[in-house]
Amino acid sequence: MTEPIDRPGKIIAIHLSYASRADQRGRRPAAPSYFFKPASSVGVSGGTVERPAGTELLAFEGEIALVIGSAARRVSLDDAWSHVGWVTASNDLGLYDLRANDKGSNVRSKGGDGYTPIGPELIDARTVDPAALRVRTWVNGGLRQDDTTAGLIFPLAQLVADLSQHFTLEPGDVILTGTPAGSSVIVPGDVVEVEVDAPDAPGAPSSGRLVTTVTQGETPFDGEIGSLPAVDDLQRTEAWGSRAEAGLPPVEKAPGLSPELRAQLLEAPTAGLSAQLRKRGHHSCFIDGVSVNIPGQKIVGTAKTLRFVPFREDLFASHGGGYNAQKRAFDAVEDGEVIVIEARGDATTGTLGDILALRAKVRGAAGVVTDGGVRDYDAVAEIGLPVFSQGAHPSVLGRKHVPWDVDVTISCGGATVQPGDIIVGDSDGVIVIPPALAAEVAASAVAQEIEDAWIAEQVAAGQPVDGLFPLNAEWRARYEKAVSDGSTR
């Protein structure tokens with residue numbers, strides 16, 4: 001029987017709740033966060049769900065659904081479970097092709113007709129321990145998910161109590177309590193079954209298997225009136241559960257900077273480093289036309305790249321809003337990385353502002369390099385994030401650029417930059433160092449700095465530069481003796 005949930009007043013779903021799923025995604029939330037699903041998304045066991053035309057990433061999420069039995073408003077954690085009437089199975093289906101445009105709200109990506117099948121039977125919540133429920137999911141007969149509420153980050157009662165702080169939970173409302181690891185993509189013809197049970201409770205009550213068959217839709221989305229489906233490798237990875245499951249090659253990430261190499265690069269000026277690159281045949285290492293927002297700041301880090309393409313109305317409609325490439329880059333930057341932005345040298349529009357700068361700062365970014373402009377210029381400087389750019393510009397996103405992709409080879413200020421390249425910037429400018437050359441170039445640049453400092457001492461003492469700069473054989477011998485005597489520092 002499913003009469004109480006044929007048309008729930010509210011369906012509230014949680015983003016991340018199982019430790020296995022959070023660890024798969026690489027982030028554990030400090031508190032639960034939620035989104036709403038429309039009542040029209042409810043489906044029944046034995047029904048179908050359509051994968052819309054022109055899409056590829058429809059994913060299943062087997063979940064435990066809580067059905068509210070009595071109104072709950074500002075209830076305590078101890079009292080919360082008494083307001084749950086029933087427990088059953090659900091499938092929180094989602095279309096990742098639309099996810100980037102509704103990041104967080106999931107209105108279009110999870111609100112489709114039939115995207116919340118529930119049932120088939122209800123388990124009396126009074127007969128089960130909320131900490132001892134199990135959820136399992138099968139696709140075409142193969143077990144894909146198997147976890148228990150012992151693996152939750154947030155206990156079920158906490159979700160009820162938390163939501164009741166903000167609005168009244170009414171009889172028949174449904175709370176979808178999150179999915180464990182194992183969620184993945186399904187295609188037309190696949191049959192998904194979800195079951196919730198309490199194997200240790202008397203009689204081992206079960207919801208029975210909630211069965212949903214995937215069909216292929218024929219009607220495409222109309223890009224003239226809304227967002228079009230768009231996917232990239234990040235969406236494919238998250239939909240399938242991993243790059244390997246999505247059929248993508250592993251990301252070859254350059255090793256991070258060792259503390260020793262970072263210290264050498266901080267000591268060596270970009271002028272000295274570029275001279276060493278030139279000796280090794282690298283003449284195109286300069287990111288031209290940029291200067292730092294905080295005088296005297298130097299940055300050293302590995303490149304995380306972000307690419308903007310020229311503005312086009314239809315492309316901005318599909319890629320400019322929601323959780324776009326720009327936001328993903330700033331959300332994913334790692335400690336010690338430098339976000340390098342391809343803006344085609346256009347200084348007449350901003351490529352980041354204070355909020356994104358703050359996000360990068362909190363994430364531990366070493367800095368940002370963009371061959372475009374920066375809005376909220378003074379505020380970004382006050383945040384303390386070093387940003388090399390063409391200067392200030394007040395425009396918002398959508399004037400000249402479409403945020404297109406992250407972690408790809410880009411062009412910035414006339415230089416080619418690949419993810420993992422070494423970025424060094426100071427008052428002279430910014431240079432790009434191939435990782436394979438970094439240790440050699442840094443050591444040679446530091447050695448040259450020591451030599452140049454000794455030469456400067458000789459010039460300051462009145463020596464002519466002829467034969468001294470650069471060192472001839474006589475002066476070279478004097479310098480090497482000073483090195484052996486330890487008097488060069």
Heavy atoms only: give me the nearest [X]-[Y] pair and the separation to one decimal.
{"X": "Q145", "Y": "G62", "answer": "OE1-N, 3.0 Å"}
{"X": "V340", "Y": "I410", "answer": "O-CD1, 3.3 Å"}
{"X": "G372", "Y": "T351", "answer": "CA-CG2, 4.2 Å"}
{"X": "L176", "Y": "S90", "answer": "CD2-OG, 3.4 Å"}
{"X": "R144", "Y": "S184", "answer": "NH2-CB, 3.6 Å"}
{"X": "T55", "Y": "P229", "answer": "CG2-CG, 3.8 Å"}

Report the C-alpha separation of L98 and F221 in whole Å, then their side-chain angles, then the decisive distance to 0.1 Å, and conclude whether the side-chain contact (heavy atoms from CB on, under 4.5 Å) test is met.
-> CA-CA 11 Å; L98 296 177; F221 291 102; 3.8 Å; yes
Return yes if some donor-acceptor pair links the side-chain N/O of [X] with the main-chain N/O of [Y] below 3.5 Å, else return no.
{"X": "E195", "Y": "S206", "result": "no"}
{"X": "S164", "Y": "V75", "result": "yes"}
{"X": "N324", "Y": "K327", "result": "yes"}
{"X": "H401", "Y": "F308", "result": "no"}
{"X": "K10", "Y": "T168", "result": "yes"}
{"X": "D173", "Y": "E170", "result": "yes"}
{"X": "T305", "Y": "Q418", "result": "no"}
{"X": "R243", "Y": "P249", "result": "yes"}
{"X": "N293", "Y": "L385", "result": "yes"}
{"X": "E61", "Y": "L93", "result": "no"}

If you define the side chain from C-beta out and look only at heavy atoms, does anything of [X] sit under 4.5 Å from [Y]?
{"X": "T409", "Y": "T416", "answer": "yes"}
{"X": "L352", "Y": "V374", "answer": "yes"}
{"X": "I423", "Y": "V430", "answer": "yes"}
{"X": "V196", "Y": "V87", "answer": "yes"}
{"X": "L95", "Y": "R99", "answer": "no"}
{"X": "L257", "Y": "T302", "answer": "yes"}
{"X": "L16", "Y": "R21", "answer": "yes"}
{"X": "I186", "Y": "V192", "answer": "yes"}

Stepwise salt bridge (Lys or Arg N to Asp or Glu O under 4.0 Å) test for D146 and R136 | CA-CA 4 Å; D146 187 354; R136 291 177 292 173; 5.1 Å; no
So W81 and L66, side-chain contact (heavy atoms from CB on, under 4.5 Å) or not? Walk me through it.
-> CA-CA 10 Å; W81 189 250; L66 310 182; 3.9 Å; yes
Using a distance-only test with no angle check, is there a side-chain donor-acceptor pair under 3.5 angstrom linking [X] and [Y]?
{"X": "D162", "Y": "Q165", "value": "yes"}
{"X": "T348", "Y": "K400", "value": "yes"}
{"X": "D124", "Y": "T127", "value": "no"}
{"X": "H393", "Y": "T349", "value": "no"}
{"X": "T88", "Y": "E121", "value": "no"}

Are R209 and W138 in a cation-pi contact, defined as NZ or CZ under 6.0 Å from the six-membered ring centre and within 45° of the axis?
-> yes
Could you walk me through whether Y34 and H15 pass the ring pair (Phe, Tyr, Trp, His ring centres under 6.0 Å) test, one step at a time?
-> CA-CA 6 Å; Y34 311 95; H15 285 109; 8.1 Å; no
Separation of [Y] [atom2] from [X] [atom1] (nearest 0.5 Å):
{"X": "D421", "Y": "C412", "atom1": "CG", "atom2": "SG", "answer": "11.5 Å"}
{"X": "T149", "Y": "L156", "atom1": "OG1", "atom2": "CG", "answer": "5.5 Å"}
{"X": "I339", "Y": "E334", "atom1": "CD1", "atom2": "CD", "answer": "10.5 Å"}
{"X": "S40", "Y": "R7", "atom1": "OG", "atom2": "CZ", "answer": "6.0 Å"}
{"X": "L159", "Y": "I175", "atom1": "CG", "atom2": "CD1", "answer": "6.5 Å"}
{"X": "D314", "Y": "H319", "atom1": "CG", "atom2": "NE2", "answer": "10.0 Å"}

All pairs passing salt bridge (charged side-chain N to carboxylate O under 4.0 Å, His left out) where residues 33-60 contributes a residue, at least two apart = K37-D92, E56-R236
Just do the side-chain contact (heavy atoms from CB on, under 4.5 Å) check on E342 and W404 with the steps written out, would you?
-> CA-CA 10 Å; E342 175 182 340; W404 193 254; over 6 Å; no
For F316, which residues count as a ring-ring contact (aromatic ring centres under 6.0 Å, His included) partner, sequence neighbours excluded?
-> F311
Greater than 12 external heavy atoms within 6.0 Å of R126's CZ =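 Not buried by this count: 12 neighbours or fewer within 6.0 Å.
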Take V368 and V338 through the side-chain contact (heavy atoms from CB on, under 4.5 Å) test and state the conclusion after the steps.
-> CA-CA 5 Å; V368 176; V338 176; 5.7 Å; no
For R363 and D331, what are the C-alpha separation, side-chain angles and deciding distance, and is it a salt bridge (Lys or Arg N to Asp or Glu O under 4.0 Å)?
-> CA-CA 8 Å; R363 293 281 300 174; D331 254 356; over 6 Å; no
